[in-house]
Amino acid sequence: MTPMIRNVVLPLAALIALALTPIFVIDSYTRHLFIIAFIYAIIASNWNLSLGQCGVFNFGHLTFFGVGVYTTAILAKTVGLNPLLAIAAAGVTAPIVAFLMAAPVARLKGIYVVLVTFAFSQLVMQLVLSQSQITGGAEGMVRIPYLKIGDYSFIRDYKLGYYYLCLGLLVVSTIFLILIARSPFGKSLKAVRDAEDYAVSRGISVSRQRVLALALSAIFTGVAGGFYAIYLRVASPEVFGFGTLTLALSMLLIGGVGTTYGPIVAALAISFATESLAGIRGFEEARYIVIAVAMILVLRLAPEGILGLFRRLTG
Amino acid sequence: MIDTLFATLVSGLVLGSLYALMASGLSVVWTTLGVFNFAHGALMMIGAFFAWTLVEPVGLPLPVGILCGALGAAAIGIVIERLLVRPYYGNRNMLLITVMTTLAAMIILEKSAQMIWGARLKQLPRLIDGEISIASATISAHEAVMIVLAPLVLAAIWAFTVRTNIGRSLRAVGQNQDSAALIGINVPFAFALAFGISAALAGLTGALLGSIRFITPAMGADPLTKAMIVVIFGGLGSLGATAGAAYLIGMIEAILVLWLGLYWTPFVLFLIMIVVLVFRPNGIFGGNQ
Amino acid sequence: MERLLEVSDLSAGYGAVTVLRGIDIHLDAGESIGLFGPNGHGKTTLLKTISGLIRPTAGAIRFSGDDITAARPPDIVNAGLIHSPQGNTLFGDMQVHETLELASIAKRAKGDSRKNLKSVFDLFPRLEERRTQKAKTLSGGERQMLSIGCALMCVPKLLMLDEPTLGLSPRLKKELAAAVGDIAKSGVPLVVVEQDVEFLMALTDRLYMIEHGEVVREIDKANAPDHEEVMKLYFGEVSH
């Protein structure tokens, strides 16, 4: 496969196929699966920016998503802001939170990065749980305003509006990630990952890079969270939980980190697999077990791909 | 004023005991294997459910239930070591891979518990009923037992690793695997033992906590997070530093709850942690990494 | 004559890198042997492979009549084949007496732990002076003593020493050489890795020269080289 086919033709073909899908898929459940898959694809591919390309052992990526969810939920429901603007606002608050998290993380190494990022996400969850007069606490928020333009509700025509809006978000996010990878900043990330000492000696600041990578990776993750809140019309602290984290992590691992598209493809495949499992009686909880076992098996049986990732991570 | 302070001190001791038991288990595995066990909180939860099953439906006495809870958690801990950690010994990415495999183990344990025991809230009876008043502070007798038991358990673990050859072998393996093997230490056994002891500590904590909090599949998440804050403060290097940090965090948390209320405490705790990390990237007492 | 140790056609390495290529050495009952040769040519790897730290890719190792090729380190220790690694590799945060006591963890050594500790302290009085000090605070020579002391705590039937005098001052080197001599005199057969061929000649019965992971020369009392020849072995004939 030539790079031309891999980087341009295949993604474009996939995009056209996804754009045409609603013509063939006209039931709202299947479209719902696609929308959820797009959301996870945005989460996983942006996580790749910090964990994969920058080598920050960030286990708090879902914090950005959760912050997006609650930003939009609060602005749209409590403040009464237009839902579209509320979604856009999530693209601002999430990077700010990422910035807060990055400040201590930029200087740390190894397991302490894992611990701090992870504890951070847990503590943001604690904050959400405790501020129940604003966030609804453990119950979460319900009946968040839905999206409509003029008289047209996005939920109509079997969620047609949401489908295209979410696909559009995924496309914009992907282009954003590709532009970053090709920018001088993206190239400096690669330089640090592959030869840290040399890069540092050429004047690249690793701390600054980590802060930037975390903040950039939060933008579309936050927006995806905002969309999630408006689309499902609920905000629940579950988004910070281990379930969502493991699901997104498994997509990143199984998809691999070599390309921007790997995690996206894996996200689509795994979202469909788990959401379909969720539809089977008795599998609402067991699907997470299936995913966890799959993750273990990939780590154990496909070490080349996964190890390739780690080799790049640890340089 | 003095009364309030004293009450805060006592509640800080209760929290500190809980965190010390949890965090010392993490520390044992870390110092021996260089693995951070994300399933530690889930092992605590499993200990609580085992104890509950033996005490409530089966009808065994509570102390037996607590003991079996600890042993059951230890057994599962050893299985986790065998299946999810041992395959990666010697792998240079072991740290990250095992973060992910133990994370997966946590999900499996939590979701399995939910499917086996359901979502209905459960609670164990208390070891001793009634309340104890120390000067002006009143706590339940069960919490008083925890306050006394935690340092005893920690002292026992410390004595085990300093006074006995099997315990010393855990430290030796953590410091130099090859040299340990060359004086006849069975390294894989030491690894399994470390995991077993750590999981037993978690299971014990869960079974004790099951009398004063509700037993749910997710009950391990909060203590695990707090134990993480403890090890971030204290570093993971030594049992003493970890236990010291656990009591310190317990006290700080109790004071914060008194001062700011329950809502803002976790947030402020994290802010303090950030400040500490900016100035001491290896923790307050930490040197080892 | 019974062979205590027999290594035949042994190959081993680290991952894709082969270090040992078909090594053949043996040690008859009642003798000691020495291994020498340039650094990085496989002497330490050979000891590590014999003691089970490295799995051989080919060949066989027999100790005292038993095949130990695939045995695990603790079982090899328990059989009495003890490897004392270079001294800077011990347990830094552990005290001297703890380390020595721990070294009697093997079944064969458990019973006589107290008696053995006393004889180690007799051999190395400095260790007794420093018994509550942590290993990382010891000097290079003291660490070497601790490493050998640990090996003695295991009650060796055959003791393999890896460069016991490496990097020591001449005075300390003499002290350690004397101690190693005492161990040999007490009847423990030795496999000694050293750079100093004259020291080896005095201590052992036969020498193997190891180069590029192979035995390139065997020396015994009959064909012992003089000083000049030794220098030649290292710097002359050695082809790189």
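Chain A is the first sequence line, chain B the second, and so forth, proteins listed ahead of strands; every chain is numbered from 1. The basis for the numbers below is simple: all heavy atoms, side chains too, and nothing from hydrogens, waters or symmetry mates. What you see is a predicted model; the values in this text were computed from it and never measured.
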Asker: Report the C-alpha separation of C/L102 and B/I185 in whole Å, then their side-chain angles, then the decisive distance to 0.1 Å, and conclude whether the side-chain contact (heavy atoms from CB on, under 4.5 Å) test is met.
Answerer: CA-CA 9 Å; C/L102 176 59; B/I185 293 170; 3.9 Å; yes
Asker: Calculate, to the nearest 0.5 Å, the distance between atoms CE and OG belonging to C/M94 and B/S179 respectively.
Answerer: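 Reported to 0.5 Å precision, the distance equals 11.0 Å.
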Asker: Going by heavy atoms in the side chains, are B/D178 and C/P85 under 4.5 Å from each other?
Answerer: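 The answer is no, as the side chains (C-beta and beyond) never meet within the 4.5 Å cut-off.
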Asker: Side chain, backbone, both or neither: which part of C/K48 has an atom under 4.5 Å from a heavy atom of chain B?
Answerer: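 Only the side chain of C/K48 comes within 4.5 Å of chain B.
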Asker: What distance separates C/I105 CD1 from B/S169 OG, expressed to the nearest 0.5 Å?
Answerer: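 Nearest 0.5 Å value for the CD1-OG distance: 4.5 Å.
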Asker: After noting the C-alpha distance and the side-chain angles of C/R72 and B/V187, does the key distance pass the side-chain contact (heavy atoms from CB on, under 4.5 Å) rule?
Answerer: CA-CA 10 Å; C/R72 296 173 318 128; B/V187 176; over 6 Å; no
Asker: Looking at every non-hydrogen atom in both residues, tell me the closest pair between C/V77 and B/A181 and how far apart they are.
Answerer: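 In this case the closest contact between C/V77 and B/A181 is CG2-O, 3.8 Å.
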Asker: Would you find more than 12 non-hydrogen atoms of other residues, nucleotides or ligands less than 6.0 Å from B/I147 atom CD1?
Answerer: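 Yes - once you tally the heavy atoms of other residues, nucleotides and ligands closer than 6.0 Å, there are more than 12.
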Asker: Pair C/E101, B/N165 - check side-chain contact (heavy atoms from CB on, under 4.5 Å), show working.
Answerer: CA-CA 7 Å; C/E101 283 163 27; B/N165 267 353; 4.3 Å; yes
Asker: Any chance you could measure B/N186, atom CG, to C/D75, atom CG, to the nearest 0.5 Å?
Answerer: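 Between atom CG of B/N186 and atom CG of C/D75 there are 7.5 Å.
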Asker: What residue, out of C/M153, C/Q95, C/E98, has the most heavy-atom pairs lying under 4.5 Å from chain B?
Answerer: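 Heavy-atom pair counts peak at C/E98.
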Asker: Taking every heavy-atom pair that is under 4.5 Å apart, which of C/G52, C/A103, C/A151 has the most such pairs with chain B?
Answerer: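 Ranked by heavy-atom pairs under 4.5 Å with chain B, first place is C/A103.
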Asker: Quick one: CG on C/L90 to CG on B/N176, what's the gap to the nearest 0.5 Å?
Answerer: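 The CG atom of C/L90 sits 7.0 Å away from the CG atom of B/N176.
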Asker: So for B/V173, is it side chain, backbone, both, or neither that comes closer than 4.5 Å to the heavy atoms of chain C?
Answerer: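 Contact with chain C involves no heavy atom of B/V173 at all.
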Asker: CD1 of B/I183 to OG1 of C/T99: how many Å apart, nearest 0.5 Å?
Answerer: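 OG1 of C/T99 is found 7.5 Å from CD1 of B/I183.
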Asker: Are any non-hydrogen side-chain atoms of C/D93 and B/Q175 less than 4.5 angstrom apart?
Answerer: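 Yes - at least one pair of side-chain heavy atoms lies under 4.5 Å apart.
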Asker: What part of C/R108 gets within 4.5 angstrom of chain B, counting heavy atoms only: side chain, backbone, both, or neither?
Answerer: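 Interface part for C/R108: neither.
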Asker: Side chain from CB out, backbone as N, CA, C, O: work out which of these in C/L53 comes under 4.5 Å of a heavy atom of chain B, or both, or neither.
Answerer: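 When you check distances to chain B, only side chain atoms of C/L53 fall under 4.5 Å.
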